[in-house]
There are 2 protein chains.
Amino acid sequence: MNPGSDVTLRDVARASGCSVSTVSRVLSGSRPVGADAARRVREAAERLGYRPNQVARALRSRSTATVGLVLPQITNPFYPALVRELTHVLDERGRAVLLADCDDDPGTEAARIEALLARQVDALLVVPVDEERSRTAVAAAAGRVPLVLLDRSCGPGIADLVAVDNTAGMALVLDHLAARGRTRPCYIGADGTNSAAAERRAAYEVGAAALGAPPRLALGDFSAAWGRAAVDRLWNRESGPEPDALVCGNDLIALGALQRLRQLGVDVPGRTVVTGFDDIPPADLADPAVTTVRQPVRDIAVEAVRLLEQRLDDPAAFPCRTVRLAPQLVIRASTEPGDHPAHGTGDTAPSAPGPTGGTAPAPRSPDSPSASHSSKAAQ
Amino acid sequence: MNPGSDVTLRDVARASGCSVSTVSRVLSGSRPVGADAARRVREAAERLGYRPNQVARALRSRSTATVGLVLPQITNPFYPALVRELTHVLDERGRAVLLADCDDDPGTEAARIEALLARQVDALLVVPVDEERSRTAVAAAAGRVPLVLLDRSCGPGIADLVAVDNTAGMALVLDHLAARGRTRPCYIGADGTNSAAAERRAAYEVGAAALGAPPRLALGDFSAAWGRAAVDRLWNRESGPEPDALVCGNDLIALGALQRLRQLGVDVPGRTVVTGFDDIPPADLADPAVTTVRQPVRDIAVEAVRLLEQRLDDPAAFPCRTVRLAPQLVIRASTEPGDHPAHGTGDTAPSAPGPTGGTAPAPRSPDSPSASHSSKAAQ
DNA sequence: TTGAAAGCGCTAACAT
DNA sequence: ATGTTAGCGCTTTCAA
């Protein structure tokens, strides 16, 4: 009924008249093997429906070909695309992914990391919950296996990091607004304690100041609910002049803000424009569709795996590296009237073609001794 | 620097003055052990920072405490919530999750399943890509390990299945429309070859007929793009009378349809109402927010894991079982004018309180010898 | 209750 | 180029 269920190397060896080592060598290609022996082995393996037991292989070779992927909250709509790319890239290299969700809790995160290490993952990919409160667990884990941080940092010198260049992304947004003559922007973001929140907020402050805009921030969390609440606050109270641009820290906030603005009857993009960050799937389903900063998700995945495998080859070869990838501004109807007439998917202007770097001298911490690469793939 | 990296059972044995077997028994609790020996062992283990090597354990005990989760496309916004619940439920029981994404391709799916089996997963959770083209691989896998299908079937008698009761869900929608006096509904769905698509479509047909509505279907795929296209087709051509209700096969379609209706200036819910299915996160970010059928995601996860563990305990105990969980209608502004005034998250009416079963005698195939349970958790 | 010993299925030395 | 032999770290007989 199910051939191959418990066929072992020894069975193949017997059936092919070779020794187990020869069979092992043929099947794992670790050493040169005689042509006809190889053929006989392959035949026998095929015939018996042999499939190597990866657990046994792992125990002996001290490598599970498995990496742990630790996410703060998989329900954050930015992560599914990242997971997709990572699993594909890793799968191509024969590696499997053990997934862990942390419910946005550093304690849970520490526990999950522990569990993954006990399962002997070869390496870890971590999007840390919090810049500070994740540090201990992440640092400890990084001492045991190669570990690459994704999307968010965890303090300098802890581990390799691959993330979008938040500073450059914010600069793209501000340039876009400036070109459209917006002079009273307000930032709706998160005061969250993860690094992406901090970077975007800081980049906005610096960039807006450079443009001569009044420094105005509304800080809550990265949710649509906060987007709605922030609009209520900005429009219903005596909180200064009405903004003519809402620069949102991520797309969820932008979506929530847009929803409330429409309910209040505020014309977008006429009276105020709205921008997001990340380019999550629903961003172009809103009405108007949201102008946003697209993260180079595929590149992030490729880059992260590259760093990981370098560490696997030689764990001590480099000091901690930070790779910043250039984002792309996706202009949609929330900042550009009349545009994007029908086929809602319409992204308009690709931008930021070249290396990143941004307009503003933003807070890129002196993360590591090594360079802070940029541009599409930092080779 | 990193205690516990290579502390083994033998080290603990030496340090505690016991034999490895005693240590093993203490730590895995497999057999009664003397009180003070136990204490000494625990102390030593603690002190050395010992953590059991799960790979070695797995090799010996023939159980990896790992399940494979195979998804058609993790970027489908319905799955992240499911993944979240599953990982949490499994984690509570000490099991880890190996995740695989199939890119909606049955060939890839077969390969991923093979890879997971080679890694000796104890069991598989699969959302099959296609009702027919996934069958061979799924059936083969089900012959090797316990396998539970989620969300979509794969033909009768192949494996256990846990899914929402699509028929009941569609009945909730149709009742809701009928109560609002809508008489010219149109179904915008998918002619896709997965079972959820087929069930929803069939349930609509049967239910709409029962209400005396003209049978009208527009079939494409489960995407927002198709929602837009379908609306174009229904409004721009001479394709019969203008519908006063769009019953969409999932939320993405509904979101796309809504977007286009707004662009065409069609008032929702005044001139036509729109409903979705699944209740994915962006459904309540649209404007108007989408009335939809919420899947009991948590229950699906709990139920699936329950079935899995039963099979693990005794693989041949039962024939294939199908568990159908009752959905809930979430009424929002796309069918209910004036409602849901400000705080967009506002879900309105919980419904479908009791057992499921629906209005229409829909195509619930004679799946298995065993019963087709229903209601919230089929105990 | 505890210990000694035999493997789980494979790979990696070490021989030849 | 191939075979023989030890284990990887753990659980589990089997004795005591």
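Here is the naming used below: chain letters follow the sequence lines, and residue numbers restart at 1 for every chain. Treat the numbers as computed from the prediction; the structure is a model and nothing was measured.
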Seminar exercise, completed: Sorted by position of nearest nucleotide on DNA chain D, 5' first, the leading residue of Pro52(B) and Arg31(B) is Pro52(B)

Problem set entry | Whole-Å distance separating the CZ atom of Arg10(B) from the P atom of dT11(D) | 15 Å

Exercise. Do side-chain atoms of Arg119(A) reach the backbone of Ala65(B) as a donor and acceptor pair under 3.5 angstrom?
Worked result: yes

Exercise. If you find the nucleotide of DNA chain C closest to Val20(B) and the one closest to Val23(A), which residue's nucleotide is nearer the 5' end?
Worked result: Val20(B)

Exercise. Under 4.0 Å between a side-chain N or O of Ser19(A) and OP1 or OP2 of dT2(D)?
Worked result: no

For this session: Would you confirm whether Ser134(B), through its side chain, and Asp130(B), through its main-chain N or O, come within 3.5 Å as a donor-acceptor pair?
Result: yes

Seminar exercise, completed: When rounded to whole Å, the CG to P distance for the pair Leu27(A) and dT11(C) reads 8 Å

For this session: Write down the distance between CD (Gln54(A)) and P (dC8(C)), rounded to a whole number of angstrom.
Result: 19 Å

Seminar exercise, completed: From CG of Asp6(B) across to P of dG9(D) the rounded distance in Å is 8 Å

For this session: Measure the distance from CZ on Arg40(A) to C1' on dT2(D) and round it to the nearest whole Å.
Result: 11 Å

Exercise. Counting any heavy atom closer than 4.0 Å, what does Arg62(B) reach on the DNA or RNA strands: base, sugar-phosphate only, or nothing?
Worked result: sugar-phosphate

Problem set entry | Polar side-chain atom of Asp160(A) near backbone of Arg321(A) as donor-acceptor pair, under 3.5 Å | yes

For this session: Please indicate whether Glu92(A) has more than 12 foreign heavy atoms, meaning atoms of other residues, nucleotides or ligands, lying under 6.0 Å from its CD.
Result: yes

For this session: Check whether any side-chain N or O of Thr22(A) sits under 4.0 Å from OP1 or OP2 of dG3(D), and answer yes or no.
Result: yes

Problem set entry | Euclidean distance, atom CZ of residue Arg51(B) to atom P of dC10(D) [Å, nearest integer] | 12 Å

For this session: For Ala58(B), answer base if it contacts any base atom (sugar-phosphate contacts may also be present), sugar-phosphate if it contacts only those atoms, and nothing otherwise; contact means non-hydrogen atoms under 4.0 Å.
Result: nothing

Problem set entry | Nearest listed nucleotide, side chain of Asn53(B), among dT4(D), dC10(C), dG9(D) | dG9(D)

Problem set entry | Nearest-0.5 Å distance, CD1 of residue Ile74(A) to CG of residue Leu99(B) | 7.0 Å

Exercise. Tell me: CG of Leu48(A) to C1' of dG9(C), nearest whole Å?
Worked result: 15 Å

Exercise. Just checking Thr8(A): base, sugar-phosphate only, or nothing, at a heavy-atom cut-off of under 4.0 Å?
Worked result: sugar-phosphate

For this session: Establish, with yes or no, whether the OP1 or OP2 oxygen of dT11(D) is under 4.0 angstrom from a side-chain nitrogen or oxygen of Arg57(B).
Result: yes

Problem set entry | Closest to side chain of Val33(B), choosing from dC10(C), dT4(D), dT2(C) | dT2(C)

For this session: Ignoring the backbone of Leu9(A), work out which of dC10(C), dA1(D), dG3(C) is nearest its side chain.
Result: dC10(C)

For this session: Kindly say whether, by distance alone, the side chain of Arg60(B) makes a donor-acceptor pair under 3.5 Å with the base of dG9(C)?
Result: no

Exercise. In whole angstrom, what separates Leu59(A)'s CG from dT11(D)'s P?
Worked result: 12 Å

Exercise. In terms of side-chain heavy atoms of Ser21(A), which of dT13(D), dT1(C), dA12(C) is nearest?
Worked result: dA12(C)

Exercise. Stepwise, does the side chain to side chain donor-acceptor pair (under 3.5 Å) test hold for Asp101(B) with Thr87(A)?
Worked result: CA-CA 7 Å; Asp101(B) 178 89; Thr87(A) 55; 5.2 Å; no

